[in-house]
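Proteins get letters first, then strands, A, B, ... in listed order; numbering begins at 1 in each.
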There are 2 protein chains.
Amino acid sequence: MAHDGGCSLFWALLPSPSSLGQLVAMSGTSAPRLKDVAEAAKVSLSAASRILRGEQERFGEETCRRVLEAARKLGWRRNLLVNGIQTGRTKTVGVMIPPFDSFWVDVLAGIHLCLESADYLPITVWVGDCQEMPRFEQDEQQGLRQISRLLDRRVDGLILWPSFAVAYYEHFRELIERRVPVVVIDHEYSAEQIADSIETDEQRCAHTVAEHLLALGHREIACFSSRETAWQAWAVRRRASFEAAVDELAGLEVSTWRLNPWGSNGLEVATDILTRQPRPTAVFCVTDHEAVYVYEAAETLGLRIPEDVSVIGFADLDFAGTMHPPLTTMRQRPKEIGRRAAQLILDRLDGDYADSPPTTIRVGGDLVVRQSCSHPPCETP
Amino acid sequence: MAHDGGCSLFWALLPSPSSLGQLVAMSGTSAPRLKDVAEAAKVSLSAASRILRGEQERFGEETCRRVLEAARKLGWRRNLLVNGIQTGRTKTVGVMIPPFDSFWVDVLAGIHLCLESADYLPITVWVGDCQEMPRFEQDEQQGLRQISRLLDRRVDGLILWPSFAVAYYEHFRELIERRVPVVVIDHEYSAEQIADSIETDEQRCAHTVAEHLLALGHREIACFSSRETAWQAWAVRRRASFEAAVDELAGLEVSTWRLNPWGSNGLEVATDILTRQPRPTAVFCVTDHEAVYVYEAAETLGLRIPEDVSVIGFADLDFAGTMHPPLTTMRQRPKEIGRRAAQLILDRLDGDYADSPPTTIRVGGDLVVRQSCSHPPCETP
DNA sequence: AAAAGTTGCTCAAATACTTGAACAAGCGGC
DNA sequence: GCCGCTTGTTCAAGTATTTGAGCAACTTTT
């Protein structure tokens, strides 16, 4: 067990007062310093420093034992702030990603896992109200402030949500120049690429989706895109890739719908799609979120999924499997995306890789076939 | 706009090389120091320090302007690491909460929002694989390591996931003694309370749920609890509160089921509940997660919700509203929980509140009536 | 017995900044 | 010409730790 007597993994147990009142009221001894350890072990400050940093060969066995023992007893722990000042490295990476759905939560998970294995720590800042996809327009200033707060803490690198990539482009320049690596997730650079970027392989994924629907026999296909604001590059690419794939594979044209710029008319759009003549037999939703609207509209209109309309989503968000019927969707690999984003930062920081030109990593996806897609109804035409 | 010429909110634009290759390859000038600002403004280091910290009355208007201007041009930003060393306050709060479902994501949102307004930053560490509820047993050592990593960064306070509260009890003692405030979410202290604690008001919520079911006429009521391991105090309390409320209100006994300690037999338990004789007409699920199993089992058994069985959940997780039928559930107030947890830390840190004895804050809930509950079927008995 | 090497440890400077105290230069008023 | 005010300076110590250089003391070799 962790709390064996006499010392602890955290800090030393003081000759502890048994009453609670006392405990809270006592004026806390602040964290022990290296000086305290050195004194307790009767060695110089620098000897203690070296021994505790692992440079033990240079010292006598007995001295090492004394220092280690003293540190353990006092519950000393190294102060990474000081390390940060001295080395210019805080072992900390700033992350600005609002985890408003399970995709982004998983991306964060990947980042955490990867950074942890390198003994780095992500520091996450959120924008917007964290309840829905942030409205970039109104949150731009807040985003800038948040990045500032990260830089004040001297983060070694930065991982960012796509929306902010566009407007902050000029700022990234400066960061890169200052050797603060920046990785952007799900944002493709159109012109010169300044920072590393990692994204879902939209072309390949859209191709797979198109293949699936066409193989089932669908010919009247709709695409339900998100708000395609300038900073939602992924939506544009996903929709465009899908249109291109359907065209390439079957020479068919997809009828495309979009959310309004506020993302507030999901149900209306879904209804429009399903009441169009001729009615699409399959709807590709650029995200599982849009699929929810289609399910809702279908229910209202008395259309059965998948008998009357097939619906296919994208992302495989946590609710996709429990929808009714379970949603067929293109699963992204958010954890891998996060992991590789973090790895990119780490590589830039201390690899030989540090000076290579910016890359774009494309991560594939996996089609999860559930029960929302079937052959088109016979009486369609 | 943010990027007006000549200076920037981040760091100064250097006389920037236009080619990308150059940009990446150039040896980055590191962040400007106060010394640089002082030199640029032709004042002493300490004058610059004072002016930038707001002590401007002692200096001439012109000098202040020069210093501020120089700082802006060079893109100087204060180094919170240094501040942290000097003041012992890093303006940083460690958070150990794995956001494996939307409840915890919202708690995190609340924490972020509150801390941000005080110019604090949460530093979040995760445990487990972040995909499902962490298994505390196997993640205990990892949890301890994570807290260590936070303390190495000298966080000013700690907000913790309940599971870890129990095993780390002894360690908290030390933290409190060292004046590092600790807040535990959703964990009730049975014996002496050592840290602040914030939780959902289980009694009141369970009472409301019981009332709702009884008012609909249910008499044969089941309770589907989670794994009730020692460190899942909330589950025990929620279930017990519900049993007590049903007893108090109607003198009825609830038949209770639990997940196994690995949480792996959800579907089996749900099936057991629904095949019991006499069959319960209503199932209270300690969490929306369990409700999903009941839905699944009901579908397999050909039972309709709510015609044959009423199901009521707890938490109002993001998927509750899109379940089929939409789940009636007791909505918790995760954002408020997070906000108040953070506030508790801040109060301990610099309020007069610093020395008061540990409190427990209980946050209410709101019954969200959707479509998974109705009157019991007539032919029940 | 002197030279050389090893072991074990210490000194002092460096990291980036804050802050209190003392002090100096320039100015106007008396 | 002196007083006192404004404006700014320098000095020094403090924050917790790292690290290159170097110094004793002791052992081993010659």
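The separation between B:Phe59 atom CZ and C:dT19 atom C1' is 12 Å, rounded to whole Å. For the pair B:Leu52 CG and C:dT19 C1', the computed distance is 15 Å after rounding to whole Å. Rounded to an integer number of Å, the gap from CZ of A:Arg65 to P of C:dG8 is 15 Å. Atom C1' of nucleotide D:dT15 and atom CZ of B:Arg89 are separated by 15 Å, given to the nearest angstrom. Remark: P of D:dT6 and CD of B:Glu55 are 15 Å apart, rounded to the nearest angstrom.
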Evaluation steps, salt bridge (Lys or Arg N to Asp or Glu O under 4.0 Å), between B:Asp36 and B:Arg33: CA-CA 5 Å; B:Asp36 304 324; B:Arg33 286 147 309 166; 3.4 Å; yes
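In this structure the side chain of A:Gln141 never reaches within 4.5 angstrom of the side chain of A:Gln146, judged on heavy atoms. Contact check for A:Ile159 versus A:Ile345: side-chain heavy atoms found under the 4.5 Å cut-off. Using a 4.5 Å cut-off on side-chain heavy atoms (C-beta onward), B:Val95 and B:Val125 make no contact. At a threshold of 4.5 Å between non-hydrogen side-chain atoms, the residues A:Gln56 and A:Glu61 do not count as touching.
Shortest non-hydrogen contact noted between B:Val155 and B:Leu151 is CG2-CD2, 4.3 Å.
Here A:Asn79 contributes atom CG and A:Leu34 contributes atom CG; the two are 10.5 Å apart, rounded to the nearest 0.5 Å. With rounding to the nearest 0.5 angstrom, the CG atom of A:Asp156 is 11.5 Å from the CG atom of A:Leu121.
Nearest-nucleotide positions on DNA chain C place A:Ser44 closer to the 5' end than the other of B:Arg58 and A:Ser44.
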statement: Scoring nucleotides 13-18 of chain C by protein non-hydrogen atoms under 4.0 Å (B base, S sugar-phosphate only, - none) yields -BBBBB
Grab the N/O contacts between the protein and nucleotides 24-29 of chain C below 3.5 Å, and write none if there aren't any.
none

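A:Lys42 comes within contact range of no nucleotide atom at all, as no heavy-atom separation falls under 4.0 Å.
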